[in-house]
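In what follows, chains are A, B, ... by sequence order, proteins preceding strands, each numbered from 1.
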Protein chains: 2
Amino acid sequence: MLRPLTICLALVSFYERCAGLYALRERLEERLTELGKIGRLEGGGVSRPALGEAEIAARRYVGQLMMDAGLSVAVDDAGNMIGTRKGRLESPYVTTGSHIDTVLNGGIFDGALGVVGAIEAVKMMQDEGTVTELPLAVINFADEEGAYNSLGGSKFFAGSLSARDLYQSKSRHDGSIYGDKVGAALAGDRIARFTEPIKAHLELHIEQGPIMEKEGKDIGIVTGIVAMNWVGISLTGVQSHAGTTPMSLRHDPVLVGARIVSEVREIVKSYGEMVGTVGSFKVSPNVSNVIARQVDLNVDVRSLSMPDLTAAIDRIQKRAKELADQEGVGFRSDIASIAESTPCAKEVVDAITEATERLGYSCMYMPSRAGHDTESMARVAKVGMVFVPSRGGVSHAPEEFTDFEQAHRGVEVLKRSMLSLASGS
Amino acid sequence: MLRPLTICLALVSFYERCAGLYALRERLEERLTELGKIGRLEGGGVSRPALGEAEIAARRYVGQLMMDAGLSVAVDDAGNMIGTRKGRLESPYVTTGSHIDTVLNGGIFDGALGVVGAIEAVKMMQDEGTVTELPLAVINFADEEGAYNSLGGSKFFAGSLSARDLYQSKSRHDGSIYGDKVGAALAGDRIARFTEPIKAHLELHIEQGPIMEKEGKDIGIVTGIVAMNWVGISLTGVQSHAGTTPMSLRHDPVLVGARIVSEVREIVKSYGEMVGTVGSFKVSPNVSNVIARQVDLNVDVRSLSMPDLTAAIDRIQKRAKELADQEGVGFRSDIASIAESTPCAKEVVDAITEATERLGYSCMYMPSRAGHDTESMARVAKVGMVFVPSRGGVSHAPEEFTDFEQAHRGVEVLKRSMLSLASGS
């Protein structure tokens, strides 16, 4: 039987823990909200493309947060911000991070949670006086959303994109050159490139999909990042009058394009976990009473299995060509972009699993079907990702939202996973 | 046995006829080419939207041609130019005409042939000293291509569009108001509206389709103008991430739109002569890695049979709604525009047939699947149309072309048909 004093102490401790957690959740909310004001559009979402004015302002805010958490901040040639924290040993590092650039009219969580949340995790360690065996680093990667290069900063960090190629690349928003704009991002201590060995890299991110919400889970433990191909298809028909051209003499690229869209759905469905989308379908001249001359469409296909992806892309291209040939419509197809699949490391997945279980949060294993900086980091470290739920699965939009309680659970899991991975050997 | 003199005279007569025809063909070519220079774009086609600068300049040229052919020219409130020629009787009239406005970047034949050719037919009568029993009129209808109103001038002429509605209508090119712009078109003798009874109305026009060329025929005798419906369909899905949204949780309006396009083809084919087209298919936001939020497409369906057309439209709407419901995509549909079918009058078709046979030209009966001013004129007269072949079936494009020899055969058939219809009864 418990003595009254023990019960009382336990209650006080529980209260303090709740109040402490509440304060931490509040601080996370405040900081994400504050960051979300930088680049906010009137009545809309946030626009902070890499190296733009708003993104530069956001960097200053993040630099302050890093320093407040006791991190030593350096900036590399690409503009990646690296906040380091000493361990008992000098290396290897355990790193974590994400990005603070956004798509045009995006939300306040995508990327930002993984930077602000990582700083919060380290801040908690500092406040608790925790010293880890291995040193830590929090990284704010430049240009994840690809104003110049998709995952540009993390690719440079991991050595798969040269400074030369990066500096010559052009903004798809305003045509500016990376090398001309990066200067403003290079404020503070400079390093050419971070060259310390890295044991493990973690990224906290919103799911950007509806699955966790549907399953009612707190934490998504990512098993790998899907491979992705884009197939650009151009169909050239014969423009003619919608009234005077008999059905039998038509070469209609809209009909062929429509049949390809239906076929993509059927082919993709036959692989189970694969997803495939035609989100871009452009018709020329796009006039109601004119049989179109040209359709340009793009097929986005993603799969955890590279062989499945390759096979599906091949089937889509062959079938699309057949459908074009049937109607006498010209066919051209290019594979426009490829990302290989990235498996997460068992050691990192285990560390996240254990942290989640210790904290008593519900979790599920899932692939990431969006690209992340962690993809790049897999070249130089064992990687893992922690997902938190996205309300309605919405992302890349002003309505993007994650409950701050849920977001903070993600921070706790991140912190505990880092501590476990940084505990040495 | 023929005597040498007879043979000689016959040869001379044959030569003269050939030379005369050659000269007439040349004049038609010259005049169409000259008119085609007005509003010509650098390296492209002709842009003469109604009441624009180029169309006003073209009206001056056509007015000169009318006067040169002995016609008395008057302009009505809509800007229709009416060139009249006395007959032995005062009425009813036999009328013919078409339009000189064009689509943006169109060709030099659509409409223009029916105006210049009609003037040529009357000019030939004048040169031959022919006087008809009934009076004739050549009409240049305003705004056939619908810068403000499709068939606007002829609808006003036939009393199905009021001056008030016409004058308030807005240009879809520059937003200008008809009433503000029509002044420049009202130069010369004015009448409010042409109110004389009309026995028959004829229109010479290019086919704008590939059928006559394919069949190798000189003259197309139009049996009727098809009925036409436009069905506007709006599909509202849920915009989301192309990677993170599982196939089973998607509400993709592009997929639904694509299935509708395929279905339209199947439904239309089941009616034989019907044609159906989706030429306009607009995706929002139309980004490769985003499942679209919205698709707006338009279905253009034409048939000689109004009951078939109504039944097909009904099937398309029902099926489209089913396809949207299957994917949980919002569906809205409007019938945006309707033209009833217009049968040509037996008396006029017979006159054209006889004229064609007398001239020894090959011919075929066919529907018109494009709209024409003759549709409007069917309210006030027995109507008929003469088609000449379009090279490759191309129209509403800079490549629009009809061999001038073929075009002139159309003028001859028009002239002979008018003479026969104007011979009194």
Output yes when a side-chain donor or acceptor of [X] lies under 3.5 Å from a complementary backbone atom of [Y], and no otherwise.
X	Y	result
A/Asp101	A/Pro49	no
B/Glu203	B/Thr374	yes
A/Glu375	A/His372	yes

Given heavy-atom pairs under 4.5 angstrom as the criterion, report whether the side chain, backbone, both or neither of [X] touches chain A.
X	value
B/Ala370	both
B/Val287	backbone
B/Met274	backbone
B/Arg302	side chain
B/Leu249	side chain

Between chain A and each of [options], count heavy-atom pairs under 4.5 Å; write down the option with the most.
options	result
B/His241, B/Lys269, B/Gln239	B/His241
B/Ala258, B/Gly243, B/Gly209, B/Pro253	B/Gly243
B/Ser288, B/Ala292, B/Ala242	B/Ser288
B/Ser240, B/Pro210, B/Ser395	B/Pro210
B/Ile291, B/Val254, B/Val268	B/Val254

Would you check if there is a donor-acceptor pair between the side chains of [Y] and [X] at a distance under 3.5 Å?
X	Y	answer
A/Ser234	A/Asp296	yes
B/His99	B/Asp143	no
B/Gln294	B/Ser284	no

Top contributor to chain B contacts, counting heavy-atom pairs under 4.5 Å, from [options]:
options	answer
A/Ser390, A/Ser248, A/Gly276, A/Pro367	A/Gly276
A/Lys282, A/Glu207, A/His396	A/Lys282
A/Arg265, A/Met366, A/Lys214, A/Arg259	A/Arg265
A/Val299, A/Thr277, A/Asn286	A/Asn286
A/Leu255, A/Val301, A/Val290	A/Leu255
A/Val295, A/Asp300, A/Val394	A/Asp300

Problem - A/Phe401 and A/Phe109 aromatic ring geometry - parallel, tilted or perpendicular at 30°/60° bounds - result: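 It falls in the perpendicular class, over 60°.
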Exercise for the section: Answer yes or no: are there more than 12 heavy-atom neighbours, outside A/Glu340 itself, under 6.0 Å from its atom CD? Expected result: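 Not buried by this count: 12 neighbours or fewer within 6.0 Å.
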Practice task
Take A/Leu104 and A/Ser47, measure what side-chain contact (heavy atoms from CB on, under 4.5 Å) needs, and give me the verdict at the end.
Solution key: CA-CA 5 Å; A/Leu104 301 184; A/Ser47 280; 4.0 Å; yes
Exercise for the section: Before giving the answer on side-chain contact (heavy atoms from CB on, under 4.5 Å), spell out for B/Val238 and B/Thr245 the whole-Å C-alpha distance, their side-chain angles and the decisive distance to 0.1 Å. Expected result: CA-CA 11 Å; B/Val238 176; B/Thr245 314; over 6 Å; no
Problem - Heavy-atom proximity to chain B below 4.5 Å, by part of A/Val264 - result: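 Neither part.
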Handout entry: Proximity breakdown for A/Asn289 and chain B, heavy-atom pairs closer than 4.5 Å
Key =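 Both parts, backbone and side chain.
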Problem - Residues B/Arg369 and B/Glu273 bridged, charged N to O under 4.0 Å - result: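 A salt bridge is present here (some side-chain N lies under 4.0 Å from a carboxylate O).
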